[in-house]
**Q** 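Mind having a look at this structure? Questions to follow.
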Amino acid sequence: MSKKKIQPPEKKKVVIVGLPNTGKTQLFNNLTGKYGLVANCPLTTIELKRADCPINGQTYEVIDTPGLHGLYVDSEEELSVRDLIFSENPDVIIQCIDANQLKQSFTLSADLLELGAPLVISLNALDETLKKGVRIDSQGLSDLLHVPVVESAALNGRGTKALMEAVGKARVGKTGIEYGDALEEGISTIEAGIPTTIPYRRKAASLLLMNDPFVENFLEGRSDTEELGPIKRKAAEIRERYPGNIGMAISRKRSEWVDAVTEKVVRRQNVSWRKFAENFARLSRAPLSGVPILLTIIFAMYLLVVNVANNIAGWMDGFLWVPLEAYMVSICPPGFWRDFLIGDYGVLSLGLANALITVLPILSVFFLMFNVLEDTGYLPNLCVLTKRIFEKLGLSGAAIMPLVLGFGCKTMATLTTKTIHSKREKFIAIYLIGFCIPCAAQMGLNMSILGRLGAAAFAIAFSVLTVVEIAAGVILNKTLKKEERSDFIQELPPMRMPSVKAVLVKTYYRLYWFLKESVPVFIYAALALFALDKLGILGAFKMFLSPLMKGLLGLPLEMVDALILCMARHEAAAALIMNLIHDGKLDFIQCIVAVTITTMFVPCFANIMAMIKELGTKTALGMTLAINTSAFLIAGALNWGLILTFAL
Amino acid sequence: MARHKEQDEYLEALWVMREKGKDSMTSLTSTIGDGFDAKIMDELQSQDMVKVSEDGRISLTEKGEIPARRIIRAHRLGERLICDVLGGKFEAGACEFEHMLDTGLLNSVCILLGHPKECPHGKPIPEGECCRRNAKVAESSVIPLTDLETGVCAHIAYVNGNENGRVQKMGVLQIRPGGKVSVIQKYPCYVLDCEGGNVAMGNEEVSSIYVWKPSGARPCDEECTFPLSNDLVGKKRGWGFKSRWKQRACRRR
């Protein structure tokens with residue numbers, strides 16, 4: 001190549017960090033114009049996201065991160081953020097602060113200031129604190145920390161411009177915290193021993209002194225082990241000599257600083273603010289009121305899906321699909337091409353129409369409601385309501401939140417289990433997420449299917465799923481080797497009135513992602529079934545499975561198609577079941593059995609990939625097999641149980 | 001919040017002046033020192049804690065007498081405790097002590113020390129209710145958080161569980177000695193309000209938190225006085241004078 005390659009100018013990096021649920025992703029979206037899923041809920045972002053953004057005429061790479069409490073870390077997703085900061089050495093760090101949780105955030109600020117990287121603080125949710133009579137002096141804060149502080153209302157995009165300007169003015173601030181001669185001297189000694197290739201040596205030194213479990217690995221990866229030996233010995237020696245606990249001494253000093261800063265920048269007025277949101281949150285967590293609230297919400301969603309979504313889907317079918325089908329019939333003579341396009345396994349009928357006409361309207365309505373619910377911050381409160389049940393399932397701590405998140409997306413929920421330290425609880429949680437919990441899409445479609453047979457079908461199917469899930473948890477809890485229980489310390493977000501715009505944008509993206517990911521899958525699955533059918537393999541397979549399907553499950557052989565589709569995408573199976581109901585091939589009992597088996601059956605492909613990522617291939621595949629086997633057995637038992645019950 | 005602490009210093013100064021038989025504005029300004037702020041005196045007057053007579057004599061009102069008495073008592077009891085019983089440097093400690101203790105805890109310290117009459121400097125320690133009834137047994141002043149009523153604000157005394165990282169984990173959520181906490185609900189599991197954030201916790205985790213028994217039943221979002229160290233911030237440019245003055249005022253007593 002004769003052309004000389006032009007070296008692009010090195011992009012500057014901006015890392016957005018902050019406590020969980022402080023609006024980091026919203027800020028990222030505002031800055032970059034991209035969309036990452038936001039919700040009023042911790043653990044929404046679990047992986048790093050990058051995008052380019054022009055700021056002040058220069059291209060910056062903006063990186064969104066999961067929640068971080070401080071640089072002394074104790075979980076893997078926090079570690080990933082710290083590693084990012086240490087290894088990529090960002091040009092600017094933006095700290096997102098939720099004004100509701102100033103003190104908690106200032107602890108992280110202290111760490112970031114001590115790090116010595118240029119910092120900008122974005123102060124969010126000021127409108128909420130104002131209602132409580134708390135005014136925050138952002139200019140005063142900026143003067144105190146010597147870094148720019150920007151007031152923003154991330155949700156409606158206010159403050160984004162000011163933030164961009166502030167990024168250009170980011171400065172290395174300071175805290176002025178002094179840890180006493182002994183500690184300062186110790187930190188300096190260790191700092192001197194750390195190779196100069198490593199950034200933030202002083203912070204690394206103090207982390208070493210605090211006996212941070214991960215910092216040694218990091219340093220080992222970045223320098224010779226020979227160099228590291230003496231430093232480690234020195235650190236141990238200083239720890240030994242220090243009267244008291246170094247970690248405690250440092251955090252005490254820092255707490256004093258946090259208190260002092262808070263006192264300087266916070267002005268309180270006594271106003272009586274409406275505590276409606278708080279009271280509602282409390283009611284939704286107490287069993288006596290919380291259970292009825294939960295049931296009401298589920299029932300309201302059910303009614304909307306059945307009365308609104310099903311009608312829209314029916315309307316679309318009548319106005320769009322019926323004419324199209326008639327037209328195809330008129331131009332396409334019976335034979336291969338008609339089967340290929342609009343036959344039982346047609347690309348248009350089973351592929352496109354299923355996705356766009358049957359599934360999409362139902363998901364639109366359900367996602368809209370689910371997103372409202374998610375943005376109010378209701379979901380994390382379920383952790384409290386269901387704590388006792390989860391305890392019975394052997395889940396005492398960090399595993400509860402991922403399980404609740406499973407009702408949103410099982411794949412994401414499986415990935416959040418990396419926050420669980422205990423192997424045993426992680427295993428149980430991943431199993432239970434993969435098993436009976438319907439994800440938001442599955443829930444919406446289940447409601448739509450069962451709604452066609454009445455609320456009783458819905459109530460029976462979901463009671464069965466609940467009982468099976470609890471039983472599975474209890475069995476796993478009894479059989480797996482006991483370990484020390486993990487602590488349950490879960491932050492709950494404040495309840496908020498969701499913003500209409502945010503909900504609409506989120507619904508749009510969720511549907512867009514659904515279409516992008518699953519329409520091709522729907523079409524490929526239809527093609528695969530079509531090919532298998534034409535080759536006669538499908539027929540043989542159905543004959544083979546006939547005793548199982550008809551005998552045990554009492555389902556028509558067409559349900560084999562649904563189970564195969566299930567492996568590709570659960571939504572595709574749902575559409576097929578709806579068609580079967582429409583054609584009168586499923587009765588009340590069969591319908592309940594069909595829904596429970598598809599809900600329990602093989603977690604979707606993405607979920608299996610997430611399981612492999614968290615557990616390793618062998619365990620994950622073993623778990624998938626176990627889930628499928630139990631799905632068949634339980635569905636069989638349910639079939640006969642229902643037949644006997646209704647016969648009596 | 002800061003106002004309370006500053007007002008305390010003025011009330012304390014007025015009590016000490018009265019002991020010395022002084023009551024002029026000049027002696028108050030010299031007792032307080034550089035940081036004298038006429039606004040605080042105005043506030044105290046408007047709150048009916050202090051009265052200034054026509055010829056410029058300052059005195060504590062009946063209403064002002066109560067907090068002043070508590071502060072002096074806390075300061076001198078603190079000196080007694082830290083100097084005599086614990087054998088430490090009492091000046092700095094006692095200065096923080098006086099803001100830290102509420103009446104219940106103060107009485108407990110007094111009982112523990114056998115109702116001392118004088119501070120190590122020989123100045124009288126105002127009598128407390130416990131001295132009058134000659135109480136012998138101190139009530140527990142630190143209680144497990146599980147015993148705290150819901151909706152009542154308390155300050156955290158200490159947290160158990162250093163070995164498994166629980167202390168650190170709670171620390172980042174501001175559940176740490178000195179932090180403000182209240183219980184929002186206890187069942188099916190605990191939900192705490194700590195410094196503006198809501199945290200759900202299991203029974204076992206909550207039982208490792210101990211709090212100072214609160215004297216009143218105030219919720220956390222109402223104003224609540226508590227010591228806030230200014231030492232660190234005091235080193236900064238522009239807003240250091242107040243804390244320096246406070247240190248000096250403390251040394252003078």
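Each chain gets a letter, A, B and so on, in the order its sequence line appears, and its residues count up from 1. Bear in mind the structure is a predicted one, so any value in this text is a computation, not a measurement.
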**Q** Is the shortest distance from a Lys or Arg side-chain nitrogen in A:Asp259 or B:Arg176 to a carboxylate oxygen in the other one below 4.0 Å?
**A** yes
**Q** Return the CD1 to CD1 distance between B:Ile66 and B:Ile71, rounded to the nearest 0.5 Å.
**A** 11.5 Å
**Q** OG/A:Ser289 to CZ/A:Phe280 distance, rounded to the nearest 0.5 angstrom?
**A** 9.0 Å
**Q** List the steps, then state whether side chain to side chain contact (heavy atoms under 4.5 Å, CB included) holds for A:Leu209 with A:Tyr179.
**A** CA-CA 13 Å; A:Leu209 262 189; A:Tyr179 294 109; over 6 Å; no
**Q** Does any part of the side chain of A:Val215, heavy atoms only, come nearer than 4.5 Å to the side chain of A:Arg82, both counted from C-beta?
**A** yes
**Q** Under a 4.5 Å cutoff for heavy-atom pairs, which residue among A:Glu491, A:Gln101, A:Arg285 has the most contacts with chain B?
**A**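 It is A:Arg285.
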**Q** Chain B: which of A:Pro494, A:Ala286, A:Ala281, A:Ser255 shares the most heavy-atom pairs with it under 4.5 Å?
**A**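 Highest number of pairs under 4.5 Å: A:Ser255.
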**Q** With side chain to side chain contact (heavy atoms under 4.5 Å, CB included) as the test, would you mind laying out the steps for B:Leu145 and B:Leu192 before giving the verdict?
**A** CA-CA 10 Å; B:Leu145 183 56; B:Leu192 309 180; 3.8 Å; yes
**Q** To the nearest 0.5 angstrom, please state how far the CD1 atom of A:Ile177 sits from the CZ atom of A:Arg254.
**A**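 The CD1 atom of A:Ile177 sits 6.0 Å away from the CZ atom of A:Arg254.
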**Q** What's the separation between atom CZ in B:Arg166 and atom CD1 in B:Ile175, rounded to the nearest 0.5 Å?
**A** 11.0 Å
**Q** Is a salt bridge present between B:Lys63 and B:Asp48, judged by a nitrogen-to-oxygen distance below 4.0 Å?
**A** no
**Q** Between A:Lys387 and A:Glu391, is the closest basic N to carboxylate O distance under 4.0 Å?
**A** yes
**Q** For residues 376-384 of chain A, give me every residue with a non-hydrogen atom less than 4.5 Å from any non-hydrogen atom of chain B.
**A**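 Contacts with chain B: A:Val384.
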**Q** Enumerate by number any residue of residues 104-111 of chain A whose heavy atoms lie under 4.5 Å from heavy atoms of chain B; in the absence of such residues, state 'none'.
**A**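 Result: A:Gln104, A:Thr107.
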**Q** Of the backbone (N, CA, C, O) and the side chain (C-beta and beyond), which part of A:Arg252 lies under 4.5 Å from a heavy atom of chain B, both, or neither?
**A** neither
**Q** By a 4.5 Å heavy-atom criterion (distance strictly below it), what part of B:Glu205 contacts chain A: side chain, backbone, both, or neither?
**A** side chain
**Q** Would you give the length of the straight line joining atom CD of B:Glu204 to atom CZ of A:Phe488, rounded to the nearest 0.5 angstrom?
**A** 13.5 Å
**Q** Side-chain contact test, heavy atoms from C-beta onward, threshold under 4.5 Å: evaluate it for B:Leu106 versus B:Arg70 and give yes or no.
**A**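 Of all side-chain heavy-atom pairs linking B:Arg70 with B:Leu106, at least one is under 4.5 Å.
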**Q** Do you know which of A:Pro287, A:Ser251, A:Ala99, A:Gly70 has the most heavy-atom pairs under 4.5 Å to chain B?
**A**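 Heavy-atom pairs under 4.5 Å are most numerous for A:Pro287.
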**Q** Does any heavy atom of chain A fall under 4.5 Å from the side chain of B:Val191, the backbone, both, or neither of them?
**A** side chain
